[in-house]
There are 2 protein chains.
Amino acid sequence: MITTTAVVTSTKPVKRVKVAETACAPIACKDCGIYQLCLTVGGDVDLSLLDSLVKNRRTYKRGELIYRIGEPYRAAFAIRSGAVKTSVLTDDGRVQVTGFHIPGEVLGLNAIINDRYNCEARALETTCVCEVPFDHYEELAHGIPGLQHQMLKIMSQEIVHNQEMMLLLGKKKAEERLATFLVNLSRRLERHGRPALEFKLSMSRSDIGNYLGLAEETVCRVITRFEESSLISTERRLVRLGQMDRLQAMAAGRSSLE
Amino acid sequence: MITTTAVVTSTKPVKRVKVAETACAPIACKDCGIYQLCLTVGGDVDLSLLDSLVKNRRTYKRGELIYRIGEPYRAAFAIRSGAVKTSVLTDDGRVQVTGFHIPGEVLGLNAIINDRYNCEARALETTCVCEVPFDHYEELAHGIPGLQHQMLKIMSQEIVHNQEMMLLLGKKKAEERLATFLVNLSRRLERHGRPALEFKLSMSRSDIGNYLGLAEETVCRVITRFEESSLISTERRLVRLGQMDRLQAMAAGRSSLE
DNA sequence: CGTATCCTTGATGCCTCTCAAGACGGGTGG
DNA sequence: CCACCCGTCTTGAGAGGCATCAAGGATACG
């Protein structure tokens with residue numbers, strides 16, 4: 001996604017500060033997902049908690065693995081900048097991309113229980129993540145009522161998203177799949193305060209195809225058809241969504257080309 | 001699944017009893033999923049907790065709705081006997097079956113956070129469930145360390161299962177899908193102490209097809225091919241798995257017919 | 001400036017869907 | 001108890017959407 005060079009200001013421990021969810025205070029990790037974790041029910045943020053949770057901040061280059069399937073659990077990861085794809089494997093080596101993750105989202109939380117990562121995560125471009133070692137998450141969660149709630153919420157969101165993907169993969173046609181993908185990505189970018197109608201894809205056509213259960217070539221062809229219908233316009237990985245309403249209708253199966 | 005007429009003995013409150021996970025003590029709800037929830041890390045079961053959690057026990061007839069999408073959250077449900085299917089919908093009315101659930105499994109936990117069910121659940125046959133009203137789950141979880149862990153575990157399992165379904169729907173061929181379905185169902189039946197190589201399907205070919213992203217007719221045809229290869233034998237909804245090893249190989253994509 | 005990677009477009013084939021019709025079985029009412 | 005009916009299952013024929021194979025062009029990067 002569009003690379004933003006966030007200025008990292010050092011955070012002196014401050015006690016519980018009220019911050020509107022949409023505000024954009026210059027706080028370290030404000031724009032990464034740890035913030036999400038540290039949001040209490042009322043919207044307060046415990047900044048000292050925030051500070052104490054993040055033990056490490058690391059940058060991964062394009063193509064680098066953040067974690068592998070089956071690897072012992074080290075930490076959860078909150079994406080500060082860049083983009084990450086997660087994927088699972090069949091025994092015979094086929095790959096299914098299960099998700100793309102953008103700044104502000106949290107990765108690897110569900111591995112807490114199994115003590116092993118159940119998918120692999122790979123940087124799609126230069127990506128900066130905050131590592132949150134959750135070795136003793138139970139004591140942590142015990143001390144911080146809001147944290148536990150946020151964890152459940154994030155896992156719950158993932159379940160809902162996966163259910164939507166099952167619907168897409170099981171029932172939707174190629175055009176509907178791509179429309180769904182674009183609309184969903186646009187919404188998430190908007191949620192994190194980025195341009196929602198014009199953005200740069202960080203993943204290849206091949207990755208998109210894999211994610212959507214389509215061949216790379218089919219993705220290209222559908223994109224071409226979308227452009228011919230002036231639904232969108234593209235230039236390599238740059239995308240402009242021209243007619244959001246029609247795109248949404250198509251994503252829901254309420255419209256199609258021809 | 002095979003209907004068992006479980007004898008429900010009344011449970012006088014007993015304090016923490018050590019029970020082996022595989023044991024089959026005559027405890028109410030022993031064989032339903034609430035047991036799962038009440039297992040502490042060490043394997044202890046708090047029977048008084050068990051008793052206090054289950055507020056209601058209800059039977060649903062074949063086709064009856066247990067909950068709808070968007071409906072306000074009432075409770076989680078642990079299946080005692082029978083079988084349940086869960087499904088999600090597109091805006092234009094298409095349905096995707098997201099799972100089949102057998103006795104010993106828990107339903108509707110992830111709705112806790114959103115306060116609304118994110119899928120609908122329907123009884124496939126006469127089904128008895130324990131209702132667990134989790135209105136104040138946070139205080140509950142606070143008092144019972146093991147409970148929170150179990151909830152995370154169940155949600156975590158669901159995420160892993162959904163990821164496997166995405167792989168299946170995105171990458172596997174019809175034969176591999178059906179083999180995966182049969183092997184998975186067999187494993188779960190075994191886990192709950194039921195015959196794993198010969199069982200009765202509680203869902204129609206149409207439901208199976210919907211779940212696997214296939215047409216009803218394709219399911220029939222693949223079943224026929226499996227029988228011709230003596231991989232399995234069937235009689236209506238009765239299934240016998242003849243060659244589990246070949247079936248597993250096929251599920252993983254390491255083998256195919258012809 | 002060369003090379004590797006990614007994107008695009010065309011031609012062909014196949015897997016699966018759709019439509020159709022018949023068989024089978026279970027349940028119900030006369 | 002039997003006949004009927006309806007839902008479910010099965011099998012066939014045909015069509016279509018998408019995958020696959022192939023090749024050329026664009027772009028980025030060293």
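None of these values were measured; they are calculated from a predicted model. Every chain is numbered from 1, with letters handed out A, B, ... down the list of sequences. Only heavy atoms go into these numbers, but all of them, side chains included; no hydrogens, no water, no symmetry mates.
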Interatomic distance where [atom1] belongs to [X] and [atom2] belongs to [N] [whole Å]:
X: B:Leu178; N: C:dT16; atom1: CG; atom2: C1'; value: 14 Å
X: B:Asp207; N: D:dG7; atom1: CG; atom2: P; value: 15 Å
X: B:Leu238; N: D:dT8; atom1: CG; atom2: P; value: 18 Å
X: B:Arg225; N: D:dT11; atom1: CZ; atom2: C1'; value: 13 Å
X: B:Leu124; N: D:dT8; atom1: CG; atom2: C1'; value: 14 Å
X: A:Leu201; N: C:dT8; atom1: CG; atom2: P; value: 11 Å
X: A:Glu235; N: C:dC6; atom1: CD; atom2: P; value: 19 Å
X: B:Leu214; N: D:dT10; atom1: CG; atom2: P; value: 15 Å

With sugar-phosphate meaning primed atoms plus P, OP1 and OP2, does [X] contact a base, only sugar-phosphate, or nothing at under 4.0 Å between heavy atoms?
X: B:Gly213; answer: sugar-phosphate
X: B:Ile223; answer: nothing
X: A:Gly63; answer: nothing
X: A:Ala215; answer: base

Quick one: is [N] close enough that its OP1 or OP2 comes under 4.0 Å of any side-chain N or O from [X]?
X: A:Thr224; N: C:dT9; result: yes
X: A:Arg237; N: D:dA26; result: no
X: B:Ser204; N: D:dT8; result: no
X: B:Arg205; N: D:dT10; result: yes
X: A:Arg62; N: C:dC6; result: yes

Minimal non-hydrogen separation, A:Ser87 against A:Val97, with atom names =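 Where A:Ser87 meets A:Val97 most closely, the heavy atoms are CB-CA, 3.8 Å.
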Shortest non-hydrogen contact from A:Lys85 to A:Phe100?
->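 Nearest heavy atoms, A:Lys85 then A:Phe100: CB-CD2, 3.8 Å.
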Show your reasoning for whether salt bridge (Lys or Arg N to Asp or Glu O under 4.0 Å) applies to A:Glu198 and A:Arg240.
-> CA-CA 4 Å; A:Glu198 180 168 349; A:Arg240 267 181 302 276; 3.4 Å; yes
Just say parallel, tilted or perpendicular for the rings of A:Phe181 and A:Tyr211, cut-offs at 30° and 60°.
->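 Ring orientation, 0 to 90° scale: perpendicular.
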Could you label the plane-to-plane angle of the A:Tyr60 and A:Phe77 rings as parallel, tilted or perpendicular, counting under 30° as parallel and over 60° as perpendicular?
->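 Answer is perpendicular, since the angle exceeds 60°.
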With hydrogens left out and only the distance checked, is there a donor-acceptor pair under 3.5 Å joining [X]'s side chain and the base of [N]?
X: B:Glu175; N: C:dC15; value: no
X: A:Arg221; N: C:dG10; value: yes
X: B:Glu217; N: C:dC19; value: yes

Return the nearest nucleotide to the side chain of B:Glu216; candidates are D:dA19, D:dT10, D:dA22.
->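 For the B:Glu216 side chain, the nearest candidate turns out to be D:dT10.
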Among D:dT20, D:dT8, C:dT18, which nucleotide sits nearest the side chain of B:Arg236?
->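 Closest nucleotide to the B:Arg236 side chain: D:dT8.
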So, B:Glu64 and B:Arg58, do they make that salt bridge, N to O below 4.0 Å?
->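 So B:Glu64 pairs with B:Arg58 through a salt bridge.
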